[in-house]
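Structure first, then comments.
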Amino acid sequence: EPEVTQTPSHQVTQMGQEVILRCVPISNHLYFYWYRQILGQKVEFLVSFYNNEISEKSEIFDDQFSVERPDGSNFTLKIRSTKLEDSAMYFCASSVGDRDQPQHFGDGTRLSIL
Amino acid sequence: RKEVEQDPGPFNVPEGATVAFNCTYSNSASQSFFWYRQDCRKEPKLLMSVYSSGNEDGRFTAQLNRASQYISLLIRDSKLSDSATYLCVVPMNTGFQKLVFGTGTRLLVSP
């Protein structure tokens, strides 16, 4: 069964440093997403991406965050200057369509900011 | 009302028991609903999609009550492997791309 893959599985970074999280969505999917889950809290939407542009973003997704699809397969989330509160599990997801289509999640990148 | 609300549990049940979880949502315009399962420190995995009044898949049954803005998940004949957190998930906003997750209901099935 096709799946969403994410790398790295764990990233440890000093506060203030830039970090890039990588995702390979399911190949025939057209919509891509990032979510995060702070330890002990619920999963929160960050951003959705379609046709090479952001289609929706949350209040969490401020100027420090950016997303990119640099080639036909990868989908990346960049955090420019990390803060302690960025420590969380980051999940990438993809779906065939938008409305009414389930999103399939990768196994996540655990980001630890020191 | 919160966007998506669930009883956090935990629900402690013996193997073989039937257990039901409830979820309420605030956006009356939402058309589709999902139940995901999340194991400790793992990714959410799709369990069921609910588009009309309900859906059944083996031991799992989901029901939707649009008038009350309420979704339920019923698990029959619980297995030890059903122990997990069950997330009620509702698409929100104009494009319905933003999934809003409930806090999840924790289920512990014991021998």
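All chains are named by letter (A, B, ...) in the order of the sequence lines, taking the proteins before the strands, and each is independently numbered beginning at 1.
- The distance from the CD atom of A:Gln37 to the NZ atom of B:Lys42 is 13.0 Å, given to the nearest 0.5 Å.
- With a threshold of 4.5 angstrom between heavy atoms, A:Tyr35 approaches chain B through side-chain atoms but not through N, CA, C or O.
- If you take CD on A:Gln101 and CD on B:Gln97, they are separated by 11.5 Å, rounding to the nearest 0.5 Å.
- Note: the hydrophobic cluster containing A:Tyr33 does not contain A:Ile79 (ILVMFWY, side chain heavy atoms under 4.5 Å, direct or indirect links).
- A distance of 6.0 Å or more separates the ring centres of A:Phe45 and B:Phe101.
- Open room surrounds CD on B:Gln63; 12 or fewer heavy atoms of other groups in view lie less than 6.0 Å from it.
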Does the side-chain contact (heavy atoms from CB on, under 4.5 Å) test come out yes or no for A:Phe105 and B:Gln38, once each step is laid out?
CA-CA 11 Å; A:Phe105 286 75; B:Gln38 187 174 33; over 6 Å; no
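- Environment of CZ in B:Arg106: sparse, with no more than 12 heavy atoms of neighbouring residues, nucleotides or ligands closer than 6.0 Å.
- For B:Thr103, the parts lying near chain A are the backbone and the side chain together; criterion is any non-hydrogen pair under 4.5 Å.
- Once rounded to the nearest 0.5 Å, the distance linking NZ of B:Lys45 with CD of A:Glu3 reads 9.0 Å.
- More than 12 heavy atoms of other shown residues, nucleotides or ligands fall within 6.0 angstrom of atom NZ in A:Lys83.
- Side-chain contact between A:Leu39 and B:Arg41 is present, with heavy atoms from C-beta onward closer than 4.5 Å.
- Closest non-hydrogen pair, A:Pro102 versus B:Tyr51, comes out as CD-OH, 3.6 Å.
- Separation of atoms CD (A:Glu44) and CG (B:Leu99) is listed at 13.5 Å; rounding is to 0.5 Å.
- Judged by distance alone, the side chains of A:Gln6 and B:Glu43 never bring a donor and an acceptor atom under 3.5 Å apart.
- For B:Phe33, no part sits under 4.5 Å from any heavy atom of chain A, backbone or side chain.
- Within a 6.0 Å sphere centred on CG of A:Asp63, other residues, nucleotides and ligands contribute 12 heavy atoms or fewer.
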